[in-house]
Each structure stands twice: as structure tokens, then as C-alpha cells.
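All remarks here apply to the structure that follows.
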Amino acid sequence: MKLPILESFSRKTYLNIYISGITLLANIGLSFLLIPKFGSRGAALANALSYIVFFVLRTIFSAKNGFKIKIISHILILIVLLIVCITKAFLI
């Protein structure tokens with residue numbers, strides 16, 4: 001018995017490489033921008049923001065491939081992640 005959702009993911013695993021590549025480019029770009037100005041805090045923030053990019057891209061990919069996703073809950077999670085990233089990087 002094959003599940004249609006799993007079958008769609010098993011045939012499109014090459015898209016994971018694209019998502020990872022975009023995340024890598026975002027991490028490198030953010031690192032070049034943030035590390036000279038903020039040092040190790042900039043590196044941590046660049047890494048955290050890259051994870052958010054990965055989260056958003058995987059959500060979009062999943063939504064287009066058959067998963068039912070509640071967009072409101074994902075937006076709330078994204079806002080919380082951004083607040084935590086900025087708070088941890090600059091206020092603590």
C-alpha cells in the first residue's frame with residue numbers, strides 16, 4: 001500500500017538539494033553581512049536566519065506536494081523564531 005504523499009516526496013527528493021543550496025547561499029550572504037559588524041553574534045544570527053529560510057522553503061515545498069498546512073500557525077511560528085533570534089543575538 002503506497003501513500004500518495006510519500007510517493008510524491010520519494011519522486012522529488014532532488015528538490016531538497018535546491019532548498020539546501022538556497023539555504024547555503026543565504027547563510028553565506030548573511031554571514032558576510034553580519035559577521036564583520038557583529039562578530040560571533042552576527043554568525044549566530046546568520047545561522048538562525050538561514051534556518052528560518054530553510055523552514056519557509058520546506059513549508060512551501062510541502063504545501064505544493066500534498067500536505068495540508070495551516071498557514072496561520074506557520075506565520076506565528078516564524079514570527080516567534082524571528083523575535084527569539086533578534087532577542088538572543090542583541091539583547092542578552
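The basis for the numbers below is simple: all heavy atoms, side chains too, and nothing from hydrogens, waters or symmetry mates.
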**OP:** Please indicate whether F55 has more than 12 foreign heavy atoms, meaning atoms of other residues, nucleotides or ligands, lying under 6.0 Å from its CZ.
**Re:** yes

For the hydrophobic clusters of this structure (ILVMFWY residues joined by side-chain heavy atoms under 4.5 Å, transitively), does one cluster hold both [X] and [Y]?
{"X": "L25", "Y": "L33", "value": "no"}
{"X": "Y18", "Y": "L24", "value": "no"}
{"X": "Y51", "Y": "I28", "value": "no"}

Closest heavy-atom contact between [X] and [Y]?
{"X": "I19", "Y": "T23", "answer": "O-OG1, 2.8 Å"}
{"X": "L30", "Y": "S50", "answer": "CD1-OG, 4.2 Å"}
{"X": "G42", "Y": "I35", "answer": "C-CG1, 4.2 Å"}

**OP:** Evaluate side-chain contact (heavy atoms from CB on, under 4.5 Å) for L45 paired with F38, printing each intermediate quantity in order.
**Re:** CA-CA 9 Å; L45 186 60; F38 300 110; 5.7 Å; no

Subject >> Sole candidate of L81, T87, V80 that passes side chain to side chain contact (heavy atoms under 4.5 Å, CB included) when paired with I83 >> reply: T87

**OP:** Could you go through the side chain to side chain donor-acceptor pair (under 3.5 Å) check for S31 and N27 one step at a time?
**Re:** CA-CA 6 Å; S31 293; N27 192 355; 3.2 Å; yes

**OP:** Applying side-chain contact (heavy atoms from CB on, under 4.5 Å), run through L57 and V53 and close with a yes or a no.
**Re:** CA-CA 6 Å; L57 291 175; V53 168; 3.9 Å; yes

Original post:
Can you check side-chain contact (heavy atoms from CB on, under 4.5 Å) on L34 and R41, steps first, answer last?
Top reply: CA-CA 8 Å; L34 297 175; R41 289 179 184 224; over 6 Å; no

Subject >> From CA spacing to verdict: side-chain contact (heavy atoms from CB on, under 4.5 Å), L82, L49 >> reply: CA-CA 8 Å; L82 285 171; L49 292 174; 3.8 Å; yes

